[in-house]
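Letters go in sequence order (proteins before strands), and every chain restarts at 1. Everything numeric here is computed off the predicted structure, so don't read it as measured data.
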2 protein chains.
Amino acid sequence: MGNTVGGVGVLDKAIDVLAALELQPRSLSELVVVTGLPRATAHRLATALEQHGLVRRDGDGRFMLGTRLLSLGQAAAETWPLATAAAVPLATLRDETGESVQLFVRDGEERVCIAALQSLHGLRTIVPLGARLPLSAGSAARVLTEDVGAIGEWAQSVGEREAGVASVSAPVRDSGGRIVAAVSVSGPIERTTKQPGKRYGAFVVNAARQIEVNAGLRGAGA
Amino acid sequence: MGNTVGGVGVLDKAIDVLAALELQPRSLSELVVVTGLPRATAHRLATALEQHGLVRRDGDGRFMLGTRLLSLGQAAAETWPLATAAAVPLATLRDETGESVQLFVRDGEERVCIAALQSLHGLRTIVPLGARLPLSAGSAARVLTEDVGAIGEWAQSVGEREAGVASVSAPVRDSGGRIVAAVSVSGPIERTTKQPGKRYGAFVVNAARQIEVNAGLRGAGA
DNA sequence: AGTTTGTGTCTCACATAATGGGACGCTAGT
DNA sequence: ACTAGCGTCCCATTATGTGAGACACAAACT
């Protein structure tokens with residue numbers, strides 16, 4: 001049940017355990033129900049993961065994600081120099097627009113959010129760090145799939161990926177002009193209007209420029 | 001070699017692979033050298049991890065940490081509500097002092113850094129997110145081990161955990177008065193002087209208060 | 001008191017599932 | 001053409017993880 005063809009069995013199960021703990025801490029019995037593993041197996045895997053620091057336990061003995069994932073997650077984030085270069089520009093973009101902002105990169109046939117800040121409004125869009133979204137919908141998707149300069153300065157979408165949500169995205173290019181990422185602003189249509197590009201386009205483009213500068217991509221380009 | 005007594009073999013090796021990729025991307029052959037695994041095994045584990053998104057590959061086929069670790073790391077960070085509550089107070093503390101700042105919690109017989117910001121100076125102390133430090137040295141260690149109110153407002157240490165480094169820490173308490181975390185400022189003795197508490201004590205204590213407020217810990221307490 | 005049901009933990013005979021030497025196809029360098 | 005190095009894949013072998021079941025303990029029953 002649920003093992004990939006060429007997979008390594010133990011690993012599949014171990015990662016099932018981590019996935020089960022991603023949402024909330026769980027007792028062993030809960031873990032058994034959620035993962036569908038036999039009790040002895042779930043216990044052995046969870047304690048093995050614990051020895052490696054990927055899992056830890058609270059006072060009641062419940063399992064939860066461990067400290068090792070902090071450092072690994074940190075290290076993973078650092079493999080995209082863009083993410084750190086984008087921290088400040090994204091913050092100002094969020095403050096300028098008041099809406100949630102994200103940085104996406106293409107990964108295979110999906111796009112991944114490698115940096116995000118949330119709107120301060122009560123009603124806001126949330127795109128968690130590491131989220132994998134389709135390349136088929138959303139303004140960021142359009143930016144990432146348009147290989148060359150077919151798009152203008154920015155792209156917008158209204159209720160495309162999710163009902164009631166509009167977004168504006170601008171490409172981040174390397175010195176050769178290739179699109180390496182997309183900066184996005186997204187929020188409820190009620191606030192962004194149906195022409196979000198008019199309100200936010202300039203801000204988003206500006207943030208993209210800043211990211212290029214911070215990442216040292218602006219050098220030899222045209 | 002290097003397998004813990006009660007451990008799960010495959011997991012040990014798989015995590016060795018992740019650890020090897022933590023510092024830098026590596027080709028398969030490099031991976032073999034670093035981990036000491038047979039080529040076929042290293043390859044199988046790395047590709048298995050890739051299927052789960054814990055590992056991805058760059059254009060040259062080299063392995064590096066994957067996007068899944070972003071979301072897991074994020075989820076792990078959220079298991080300490082303190083970490084998010086501390087984000088803003090830590091930033092202001094860093095700006096006020098100009099030095100690196102950290103938030104530590106006790107975990108067994110060690111302490112773990114669950115939030116950190118680095119000094120902007122060229123010479124600075126670095127404590128990476130998720131780092132595990134001893135409970136036997138450093139001002140933060142003293143704060144975390146002193147169970148009740150034996151310490152004053154803050155604790156300081158000079159060249160205790162590491163030569164040339166001084167630090168000041170203040171406890172973060174819950175509504176019952178129990179110490180749940182320690183906020184620290186640390187930097188080279190040359191800048192902090194040998195009485196860092198005099199310079200930074202008030203700031204650190206203030207940051208600790210702010211964190212308590214943000215985390216909703218200040219309610220019923222004395 | 002006793003009993004039942006729920007924990008988490010550990011063992012151990014068994015066969016599944018991971019192993020790794022070696023083969024294969026590839027590109028780059030000589 | 002030859003060599004050297006790479007990533008990938010196969011498959012006989014057996015080491016390895018497996019999981020039903022036993023165990024200890026605690027809480028909530030009767």
Side-chain angles (χ1 to χ4, degrees), chain A residues 1-66 68 79 107-108, chain B residues 1-66 79 107-109:
Chain A
M1 293 176 180
N3 44 353
T4 333
V5 262
V8 178
V10 216
L11 249 186
D12 293 335
K13 293 169 193 157
I15 291 172
D16 281 353
V17 170
L18 289 181
L21 297 177
E22 193 168 3
L23 300 168
Q24 54 188 279
R26 304 203 189 264
S27 69
L28 177 58
S29 322
E30 289 174 309
L31 214 48
V32 168
V33 174
V34 175
T35 61
L37 296 168
R39 262 231 292 298
T41 305
H43 180 258
R44 178 160 24 85
L45 289 177
T47 51
L49 288 167
E50 187 185 7
Q51 288 190 350
H52 290 284
L54 298 187
V55 158
R56 84 202 147 92
R57 304 168 83 147
D58 64 8
D60 307 338
R62 294 188 313 181
F63 296 95
M64 55 203 308
L65 297 183
R68 192 72 214 288
T79 61
D107 184 25
Chain B
M1 293 178 178
N3 45 352
T4 334
V5 263
V8 178
V10 215
L11 248 185
D12 293 335
K13 293 168 194 158
I15 291 172
D16 282 352
V17 170
L18 289 181
L21 298 176
E22 193 168 3
L23 300 168
Q24 53 188 280
R26 303 202 189 266
S27 69
L28 177 59
S29 320
E30 289 175 309
L31 214 46
V32 168
V33 174
V34 175
T35 60
L37 296 169
R39 260 224 294 298
T41 304
H43 180 258
R44 178 160 26 85
L45 288 177
T47 51
L49 288 167
E50 187 185 8
Q51 288 190 349
H52 290 285
L54 297 187
V55 158
R56 85 202 146 93
R57 303 168 84 146
D58 64 8
D60 308 337
R62 294 187 315 180
F63 296 94
M64 56 204 306
L65 297 183
T79 61
D107 185 26
E109 288 309 306

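- Among residues two or more places apart in sequence or in another chain, the side-chain hydrogen bond (donor to acceptor under 3.5 Å, both in side chains) test is passed with A/Glu50 by A/Arg57.
- For A/Arg62, the salt bridge (Lys or Arg N to Asp or Glu O under 4.0 Å) criterion is met by A/Asp58, not counting sequence neighbours.
- Atom CG in A/Leu45 sits roughly 15 Å away from atom P in C/dG8 (whole-Å rounding).
- Looking at heavy atoms from C-beta onward, B/Leu11 lies out of side-chain contact with A/Gln51 at the 4.5 angstrom threshold.
- Here the OG1 atom belonging to A/Thr47 is positioned 7.5 Å from the CG atom belonging to A/Leu45, to the nearest 0.5 angstrom.
- On a pure distance criterion of 3.5 Å, a polar donor-acceptor pair joins the side chain of A/Arg44 and the base of D/dG19.
- Note that CD of A/Gln24 and CE of A/Met64 are 10.5 Å apart. Values are rounded to the nearest 0.5 Å.
- The two atoms that bring B/Leu21 and B/Phe63 nearest to each other are CD2-O, 3.4 Å, heavy atoms only.
- Rounding to the nearest 0.5 angstrom, the gap separating the CG atom in A/Leu54 from the CG atom in B/Leu54 is 9.0 Å.
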With the sugar-phosphate defined as primed atoms, P, OP1 and OP2, and the base as all remaining atoms, what B/S/- string results for nucleotides 25-30 of chain C, 5' to 3', for protein heavy atoms under 4.0 Å? ------
Please list each protein N or O that sits under 3.5 Å from an N or O in nucleotides 12-16 of chain C, with the distance.
none

Which donor-acceptor pairs under 3.5 Å do side chains of residues 30-38 of chain A form with protein atoms, sequence neighbours excluded?
residue: A/Glu30; atom: OE1; partner: A/Ser27; partner atom: N; Å: 2.7
residue: A/Glu30; atom: OE1; partner: A/Ser27; partner atom: OG; Å: 3.4
residue: A/Thr35; atom: OG1; partner: A/Leu31; partner atom: O; Å: 2.7
residue: A/Thr35; atom: OG1; partner: A/Leu37; partner atom: N; Å: 3.3

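- With P as the reference atom, D/dT14 and C/dC12 are 25 Å apart, rounded to whole Å.
- Taking the side chain of B/Lys13 as heavy atoms from C-beta on, and the options C/dG20, D/dG19, C/dT19, the nearest nucleotide is C/dT19.
- A gap of 22 Å separates the P atoms of D/dC2 and D/dC6, to the nearest Å.
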Taking only N/O atoms, report every protein-nucleotides 5-8 of chain D pair under 3.5 Å with atom names and distance.
residue: D/dC6; atom: OP1; partner: B/Ser29; partner atom: OG; Å: 3.4
residue: D/dC6; atom: O5'; partner: B/Ser29; partner atom: OG; Å: 3.3
residue: D/dG7; atom: OP1; partner: B/Leu28; partner atom: N; Å: 3.0
residue: D/dG7; atom: OP2; partner: B/Ser29; partner atom: N; Å: 3.3
residue: D/dG7; atom: OP2; partner: B/Ser29; partner atom: OG; Å: 2.5
residue: D/dT8; atom: OP1; partner: B/Arg57; partner atom: NH2; Å: 3.3
residue: D/dT8; atom: OP2; partner: B/His43; partner atom: NE2; Å: 2.8
residue: D/dT8; atom: OP2; partner: B/Arg57; partner atom: NH2; Å: 2.9
residue: D/dT8; atom: O5'; partner: B/His43; partner atom: NE2; Å: 3.2

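- Proximity of a side-chain donor or acceptor of B/Arg56 to a complementary backbone N or O of B/Leu65 within less than 3.5 Å is detected.
- A/Lys13 contributes atom NZ, which lies 8.0 Å from atom CZ of A/Arg44 (distance to the nearest 0.5 angstrom).
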